[in-house]
Number of protein chains: 2
Amino acid sequence: MADVINDILKRNQLSVTDSRKKILEFFHHADGALAHADIEKMSGESFDRVTIYRTLQTFVEKGIIHTIPTADNSVKYALCKDECAAGHHHDDHIHFLCDDCGTTYCLDTHVPAVQLPQGFVVKRTDVVVSGKCGKCSN
Amino acid sequence: MADVINDILKRNQLSVTDSRKKILEFFHHADGALAHADIEKMSGESFDRVTIYRTLQTFVEKGIIHTIPTADNSVKYALCKDECAAGHHHDDHIHFLCDDCGTTYCLDTHVPAVQLPQGFVVKRTDVVVSGKCGKCSN
DNA sequence: ATTCCTTTTGCAACAAAGTTGCATTCCGTT
DNA sequence: AACGGAATGCAACTTTGTTGCAAAAGGAAT
């Protein structure tokens, strides 16, 4: 486990620090996406708020995590299943946000192609579905 | 023009006030979606920041405008083409965000059905496409 | 037009979220 | 062990969003 975390950081030319290791672990243990606030709560007093902001920013830049747009204005971050290896596109799967438990899932379902008016060039497509997840729909 | 604005407010049982009229006009003149900050800039000193928050909130509740999730955490609001009459669903069309000019478009393209794992119940689907719009792609 | 009641607004004070600069500490390499 | 660059923590600050309450404006009836 520790090796996996270490590998990801080294692969991305990032020095291995306590905060980066811990935040990466949070993502690995979470079954969904995390918001800044979630990480802040989980880490308690371990490290500064600013460090979390900067770490998340770094991870996004390196492509280790990606952001998920949500209708309620809270930015969430998620690690991709394949560790977000180089060449992986973040917009080829859809996201599901459960209204009940708040969990955000990265689903395997691929993004359907959409038709756009002439002259429009697509760079990225985000599909965010909300409703009730498998655990909350009973 | 003034009549149209007036009608929308009355139809929704809202009293006709300066701020509501002005904010609705902004939406009618804009060719895309607006963020809270946009409206604040446009209105200058006309009315309080709090009034804008409350007006947008009211409009969303009444179904006059709808929110659009964006990957960069800024909530945008848009008026639908059909004035958002009762029965209109906001998630039946897709949104396009231009990376160059920042304009957000409501497109006529319908949201494709997505397949979800068993047990997942869909309530709403947002599709946000980004790239270059017709004006910026040349 | 005047009155009366309700809704909306503005102000002020907060709370929460995010940013920046700088000194200190830590990581990785020699 | 020591050095240089990168990362962290702290403090101060800006931006964004919320809440309570008194003043003002809207709408309906007289």
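Numbers restart at 1 for each chain; the letters A, B, ... are given by sequence-line order, proteins then strands.
Once rounded to the nearest 0.5 Å, the distance linking CZ of A:Arg20 with CZ of A:Phe47 reads 12.0 Å. Here the CD1 atom belonging to B:Ile65 is positioned 9.0 Å from the OG1 atom belonging to B:Thr58, to the nearest 0.5 angstrom. With rounding to the nearest 0.5 Å, the separation of CG in A:Leu9 from CD1 in A:Ile64 is 6.0 Å. To the nearest 0.5 angstrom, A:Glu61 atom CD is 9.5 Å from A:Leu14 atom CG. Distance check: B:Thr103 OG1 to B:Leu34 CG gives 10.0 Å after rounding to the nearest 0.5 Å.
Contacts between residues 45-57 of chain A and DNA chain C, counted as heavy-atom distances below 4.0 Å, involve A:Arg49, A:Val50, A:Tyr53, A:Arg54. Of the residues in residues 32-41 of chain A, not one comes within less than 4.0 Å of DNA chain D through any heavy atom.
Contacts classified as side chain to side chain donor-acceptor pair (under 3.5 Å) and involving residues 32-53 of chain A (residues at least two apart or in different chains) are given here: A:Lys22-A:Ser46, A:His36-A:Glu40.
In this structure, A:Arg124 pairs ionically with A:Asp126, as a charged nitrogen and a carboxylate oxygen lie closer than 4.0 Å.
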Give me the distances for all protein-to-nucleotides 2-5 of chain D N/O pairs that come in under 3.5 Å?
none

If you restrict it to nitrogen or oxygen atoms, what contacts under 3.5 Å exist between nucleotides 23-30 of chain C and the protein, and what is each distance?
unit_1 : atom_1 : unit_2  : atom_2 : d
C:dG28 : OP1    : A:Val16 : N      : 2.7

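Rounded to whole angstrom, the span from the CG atom of B:Leu9 across to the P atom of D:dA25 amounts to 18 Å. We find that NZ of B:Lys21 is positioned 16 Å from C1' of C:dT7, with the value rounded to whole Å.
Note on A:Thr58: nothing from the nucleic acid sits closer than 4.0 angstrom, heavy atoms only.
When the ring-ring contact (aromatic ring centres under 6.0 Å, His included) test is applied to A:Phe59, no partner is found at least two apart in sequence or on another chain. Checked against salt bridge (Lys or Arg N to Asp or Glu O under 4.0 Å), A:Lys10 has no partners two or more places apart in sequence or in another chain. With sequence neighbours left out, B:Thr109 forms a side-chain contact (heavy atoms from CB on, under 4.5 Å) with B:Ile94, B:Leu107. Qualifying salt bridge (Lys or Arg N to Asp or Glu O under 4.0 Å) partners for B:Lys76, counting only residues two or more places apart in sequence or in other chains: none. For A:Asp100, the side-chain contact (heavy atoms from CB on, under 4.5 Å) criterion is met by A:Cys98, A:Lys132, A:Cys136, not counting sequence neighbours. Partners of B:Asp99 under the side-chain contact (heavy atoms from CB on, under 4.5 Å) rule, at least two apart in sequence or in another chain, are A:Lys123, B:Ser130.
No side-chain heavy atom of A:Val129 sits less than 4.5 Å from a side-chain heavy atom of A:His95.
Between the axis at the start and the axis at the end of the helix from C:dA1-D:dT30 to C:dT30-D:dA1 there is an angle of 30°, using five pairs per end and rounding to 10 degrees.
Cluster membership check: A:Phe27 shares its hydrophobic cluster with A:Val75, using side-chain heavy-atom separations under 4.5 Å among Ile, Leu, Val, Met, Phe, Trp and Tyr.
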